[in-house]
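One structure is given below, encoded as structure tokens.
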Amino acid sequence: MKGSLQVREISRIGILTSIAYLALSLGVLLAGYHHRHAYIMLYSALLLFPHSVALTYVASGAVRNERAQKLVVTSAIITFAMFVAPIFGLWLNWEVPTATFVAVSIPMIFASIFAGRSQKGNIKLSLYLVSASYIVYLTTVASLLIRGWPEKFSIAATALTFAYPVTLIYAVTVNSLPSTFNDKPSYSLSYTLPVLTAIGSFLVGLRFIKAGSAIVAASTLIYIFAARMYRLQKYLKSIERLNKESPAYKGSAFFIKSHYVIIASIALTIIYTSLFIIKSFSFFCLLCLLHAYVMGFVTIHVFLHAPVMLPVVLKVKHKRRYTLWPLILALIAAAIWPVQGLASYILYVIAFCLDVRIATC
């Protein structure tokens, strides 16, 4: 129990730290330091934040396995170093934060596996996929080092985004969406997801960027069927019996409808992936693709879970004023980034502030 409390506290600090880093990265971007913004964003918002959430997630699944509990605590302790590591991005240093997250990942791989062995059904599947997300991160780092760390940081950022946050999102959603409505994911399709992101991110690390991006885009389509998103209308009908003014109805309706925005974000990533593959290679096209994932797909998943997750982790009360606006604004920001950077920035900041307010007030 004591170890679990320690993990939750470190998780809370990690979430708060990553939010502070996100604000810093947006400020650095506004000041014109695009590369520094990218470094800080990758190692904080895209690695530290989801990892901090994963700590609590795995700890809750490890209550029946003492070895898993000890390993989660070990990873949580190492995570203290990750609170500092993203700041090295101000000096365009990738070695320290990359290596630090490698150290964080190793105990999490085994913690998730051992925790999964103690569970059944959806949770077992989910914990195994969490372990896979850290394995994919390690293999992707290896691929980046095999060819020599790329001079263009956008390549490394794309590979690591595919590797960790995207794979972790799959791990959580294939459990959370269907199980909330007494349903089950497709186990066979779910297990293909980390395989595809592993192959895709590994290929990007080896500079086969178009092939790798196409494979990861294919995984987002499979994700819709693995997580049963095609049953959203059925899930909506299942809550019609609830009082439409009740928190239970509003929360469930928000959760279901948010996945329609997620499907739209998947469509956006596929569009930008297709344009990237069709057009001759350019780093601007790669940046468009990367921002479609980061500002769209990843951010929308975070904004979906924040109003439910953050109050519990951060120990704050909120009025449960659920709204899709943060998700929609983030999607629009991702869509217009290539043609109107300033407007995209403003919309994203508004979406971020609105979601934080909803989750904490």
Side-chain angles (χ1 to χ4, degrees), residues 50 57 120-130 132-133 162 165-200 213-242 244 248-274 289 292-293 295-309 322-328 330-332 334-335:
Y57 190 73
K120 296 180 180 179
N122 296 6
I123 298 177
K124 185 186 193 77
L125 165 70
S126 184
L127 288 168
Y128 282 165
L129 295 185
V130 169
S133 69
F162 289 166
V166 170
T167 310
L168 187 64
I169 283 168
Y170 293 162
V172 173
T173 307
V174 296
N175 172 40
S176 65
L177 178 59
S179 64
T180 300
F181 303 99
N182 298 315
D183 201 356
K184 293 183 179 180
S186 167
Y187 286 85
S188 57
L189 291 180
S190 295
Y191 279 118
T192 66
L193 296 174
V195 175
L196 292 174
T197 54
I199 295 171
S213 298
I215 291 171
V216 174
S219 77
T220 64
L221 282 175
I222 294 173
Y223 169 54
I224 293 173
F225 296 93
R228 307 298 194 194
M229 287 189 208
Y230 58 90
R231 295 180 179 174
L232 292 178
Q233 198 60 37
K234 177 184 176 182
Y235 298 157
L236 272 174
K237 288 183 179 179
S238 72
I239 63 171
E240 287 180 351
R241 57 185 171 76
L242 299 174
K244 288 183 170 51
Y249 178 83
K250 290 180 179 179
S252 297
F254 166 76
F255 185 63
I256 296 167
K257 291 175 182 178
S258 294
H259 287 84
Y260 285 113
V261 187
I262 287 172
I263 292 172
S265 76
I266 290 172
L268 183 67
T269 62
I270 290 172
I271 289 169
Y272 277 119
T273 301
S274 300
L289 175 60
Y293 274 96
M295 299 176 69
F297 184 81
V298 175
T299 292
I300 289 168
H301 278 88
V302 173
F303 285 179
L304 157 62
H305 290 285
V308 177
M309 173 194 70
Y322 299 111
T323 173
L324 293 176
W325 277 112
L327 291 73
I328 294 170
L331 180 63
I332 295 171

Euclidean distance, Leu304 CG relative to Ser265 OG, rounded to 0.5 Å
10.5 Å
Residues that Glu240 engages under side-chain hydrogen bond (donor to acceptor under 3.5 Å, both in side chains), provided they are two or more places apart
none
On a heavy-atom basis, the closest approach of Ala330 and Ile300 is CB-CG1, 4.3 Å
Looking at residues at least two apart in the chain, or sitting in another chain, which of them share a side-chain contact (heavy atoms from CB on, under 4.5 Å) with Ile271?
Leu275
Testing the basics here: between Leu193 and Ala226, what is the closest heavy-atom pair and its distance to 0.1 Å?
CD1-CB, 4.0 Å
Would you please name every residue forming a side-chain hydrogen bond (donor to acceptor under 3.5 Å, both in side chains) with Tyr128, sequence neighbours left out?
none
Leu177 and Leu232, any side-chain heavy atoms less than 4.5 Å apart:
yes
Atom CD1 in Ile262, atom CG in Leu268: separation rounded to 0.5 Å?
13.5 Å
Residue pairs passing the side-chain hydrogen bond (donor to acceptor under 3.5 Å, both in side chains) test with at least one member in residues 166-178, sequence neighbours excluded, are Tyr57-Asn175, Thr167-Thr197, Tyr170-Ser219, Thr173-Tyr223, Asn175-Ser179
Does the side chain of Thr220 reach to within under 4.5 Å of the side chain of Thr273, using non-hydrogen atoms?
no
Atom pair NZ (Lys257) and CD1 (Ile328), whose distance is rounded to the nearest 0.5 Å:
10.5 Å
Distance from His259 atom NE2 to Leu327 atom CG, nearest 0.5 Å?
10.0 Å
To the nearest 0.5 Å, how far apart are OH in Tyr260 and CG in Leu324?
11.5 Å
Could you tell me if the side chain of Tyr235 sits less than 4.5 Å from the side chain of Asp183, heavy atoms only?
yes
Provide the closest heavy-atom pair for Ser126 versus Ala171 in the form atom of the first, atom of the second, distance.
OG-O, 2.6 Å
In short, Gly296 meets Ala334 closest at the heavy-atom pair N-CB, 3.7 Å
Indicate the atoms forming the closest heavy-atom contact of Gly200 with Ile215, along with that distance.
N-CG2, 4.1 Å
Check whether any side-chain heavy atom of Val261 lies under 4.5 Å from a side-chain heavy atom of Phe303, and answer yes or no.
no
Taken in chain and number order and not counting sequence neighbours, the residues that satisfy side-chain hydrogen bond (donor to acceptor under 3.5 Å, both in side chains) with Tyr187 are Asn122
Please name all residues satisfying side-chain contact (heavy atoms from CB on, under 4.5 Å) with Ser186, sequence neighbours left out, ordered by chain then number.
Ser188, Leu189, Arg228
Got a sec: does the NZ of Lys124 have more than 12 other heavy atoms crowding it under 6.0 Å?
yes
Can you check whether Val216 reaches Leu196 side chain to side chain, under 4.5 Å on heavy atoms?
no
Heavy-atom side-chain contact between Phe162 and Ser213 under 4.5 Å:
yes
Here the pair of heavy atoms bringing Ile239 nearest to Ala253 is CD1-N, 3.7 Å
Would you indicate whether the side-chain heavy atoms of Phe255 and His305 approach each other to under 4.5 Å?
yes
Hey, what do you get for CZ (Arg231) to CZ (Phe225), rounding to the nearest 0.5 Å?
11.5 Å
